[in-house]
A.B. asks: 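The following block contains the structure, expressed as structure tokens.
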Protein chains: 2
Amino acid sequence: MRHASLSIEHALLGFLRQEPKHGYAIHQELSDAGSIGSAWRLPLSQLYTLLGKLENAGYLTTTTEPQENKPPRKLFHLTDQGEIAFLTWVQEPVRHGRSLRLEFLVKLYFARLEGAGMATSLLAAQRKKCQQWLVKEQAILDREAASGREYGRLVHQFRFGQIQAMLSWLEQCEATP
Amino acid sequence: MRHASLSIEHALLGFLRQEPKHGYAIHQELSDAGSIGSAWRLPLSQLYTLLGKLENAGYLTTTTEPQENKPPRKLFHLTDQGEIAFLTWVQEPVRHGRSLRLEFLVKLYFARLEGAGMATSLLAAQRKKCQQWLVKEQAILDREAASGREYGRLVHQFRFGQIQAMLSWLEQCEATP
DNA sequence: GGCCGCATGTAATCTGTTACATGATTCT
DNA sequence: AGAATCATGTAACAGATTACATGCGGCC
């Protein structure tokens, strides 16, 4: 079992922090358009696949619960390993700007559920990352502008602007608790 | 042969507008870090795969050119169909915000090569798209804020900020010819 | 009778990335 | 002798999307 890089599927573990749930129920929470559903869309069939993976990885165990007049439910329970993996994932800022759009927003959702403290520290960690990116882009931008590379300048101006917008959004999030 | 949605691989056709080239030469142009290479990275092995696809689709034909002391070159020629496909692709604005980062920047590169007029009209078309997105996001944002959905508001504030940054970049591009 | 909700999945497909395979010449 | 450049590709693996498959109960 390879130690896969902590990716978005670890978010699913967060749904099981309070009590065990079955796949369909998780999907209903996930599909709430006003909540996490506004950031992350995951078809039911994909959800089942991911839950299977997490089980294979030892982050989940399952029990089956028969029901009358309805198909039996398969309850997923978070293991200790799973809890550790989730907490590690949720506290780690994302490494690339392109991951804010999906993965960071999902992290933030679960961090807020864990408590205001965790959300605050996640925001701060991500803001620092973002400031580093901005400095790097600024340096590249200056270099491109100095060497008269028109197109390279356009490209990095675009990236600079995107990162700048991320940064001011993060600061705004930190300012309004 | 399915009419695949016009995707990034159509950009490769743009390299053959002036004269036929072989894969390795295209890759060298593509790898120029100060130019298109700053927006699009494509490993050589993937490039060959994509060129094969474009040939199957009827956008390219090939001739083989033997060389002394070196492996023979396979020259790719743009067909009439290929030219049409390229010109259609390059003039079409992208449909989603997430495609600006890569596909739009590549379109812009080739539009500029085609002439200032094409670049200008592409920028204008994309700016209009972007303004539409912004209006939609604004509407959603207001709705989320009004119904007191804290997390939904955060998510859409993020998106709003990203689109806003795209828009001002596009305007800046239009202003500096 | 047909569609929606509940509840579970598998399979096919497409795309993207990385690794591997070959072979000559030129540079250090 | 070993690395880089020129030149072509195939194959394996990972991830995401879509389609397909099953079955019961309740509602219109």
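A note on names: the letters A, B, ... follow the listed sequences, proteins ahead of strands, and every chain is numbered from 1.
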A.B. asks: Distance check needed: C:dT15 P versus B:L50 CG, whole Å only.
C.D. replies: 10 Å

A.B. asks: Tell me whether A:R149 is salt-bridged to A:E144, with the criterion being a basic N under 4.0 Å from an acidic carboxylate O.
C.D. replies: yes

A.B. asks: Using nucleotides 18-22 of chain C, report all nitrogen or oxygen pairs with the protein that are shorter than 3.5 Å.
C.D. replies:
| unit_1 | atom_1 | unit_2 | atom_2 | d |
| --- | --- | --- | --- | --- |
| C:dT18 | O4 | B:S45 | OG | 3.4 |
| C:dA19 | N6 | B:S45 | OG | 3.3 |

A.B. asks: Is the CD atom of A:Q18 crowded by more than 12 outside heavy atoms at less than 6.0 Å?
C.D. replies: no

A.B. asks: Send over the distance from A:E9 CD to D:dA16 C1', rounded to a whole Å.
C.D. replies: 12 Å

A.B. asks: Does A:R17 come within less than 4.0 Å of A:E114, counting only side-chain N to carboxylate O?
C.D. replies: yes

A.B. asks: Between A:R127 and A:E174, does at least one N-O distance fall below 4.0 Å, as a salt bridge requires?
C.D. replies: yes

A.B. asks: Testing the basics here: between A:Q162 and B:A165, what is the closest heavy-atom pair and its distance to 0.1 Å?
C.D. replies: NE2-CB, 3.8 Å

A.B. asks: Please identify each residue that fulfils side chain to side chain contact (heavy atoms under 4.5 Å, CB included) with B:I8, with sequence neighbours left out.
C.D. replies: B:W40, B:L102, B:E103, B:V106

A.B. asks: Identify all pairs in which a protein N or O lies below 3.5 Å from an N or O of nucleotides 2-8 of chain D, and state each distance.
C.D. replies:
| unit_1 | atom_1 | unit_2 | atom_2 | d |
| --- | --- | --- | --- | --- |
| D:dC6 | OP2 | B:Y24 | OH | 3.0 |
| D:dC6 | OP2 | B:Q28 | NE2 | 3.1 |
| D:dA7 | OP1 | B:Q67 | OE1 | 3.3 |
| D:dA7 | OP1 | B:Q67 | NE2 | 3.1 |
| D:dA7 | OP1 | B:R73 | NE | 3.1 |
| D:dA7 | OP1 | B:R73 | NH2 | 3.1 |
| D:dA7 | OP2 | B:R73 | NH2 | 3.3 |
| D:dT8 | OP1 | B:K74 | N | 3.0 |
| D:dT8 | OP2 | B:Y24 | N | 2.8 |
| D:dT8 | OP2 | B:Y48 | OH | 2.6 |
| D:dT8 | O5' | B:Y48 | OH | 3.2 |

A.B. asks: Atom CG of A:N56 to atom P of C:dG9: distance rounded to whole Å?
C.D. replies: 12 Å

A.B. asks: Using 4.0 Å as the upper bound for N to carboxylate O, is an ion pair formed by A:E29 and A:K21?
C.D. replies: yes

A.B. asks: When the ring centroid of A:Y59 is compared with that of A:F86, is the distance short of 6.0 Å?
C.D. replies: no

A.B. asks: Atom CZ of A:R41 and atom P of D:dG15: how far apart are they, to the nearest Å?
C.D. replies: 23 Å

A.B. asks: Can you list everything that forms a side chain to side chain contact (heavy atoms under 4.5 Å, CB included) with A:E92? Sequence neighbours excluded, please.
C.D. replies: A:L6, A:T88, A:R95, A:K107

A.B. asks: Can you name the side chain to side chain contact (heavy atoms under 4.5 Å, CB included) partners of B:R112, sequence neighbours left out?
C.D. replies: A:E150, A:Y151, A:L154, B:L108, B:A119

A.B. asks: Between residues 92-109 of chain A and DNA chain D, which residues have a heavy-atom gap below 4.0 Å?
C.D. replies: none

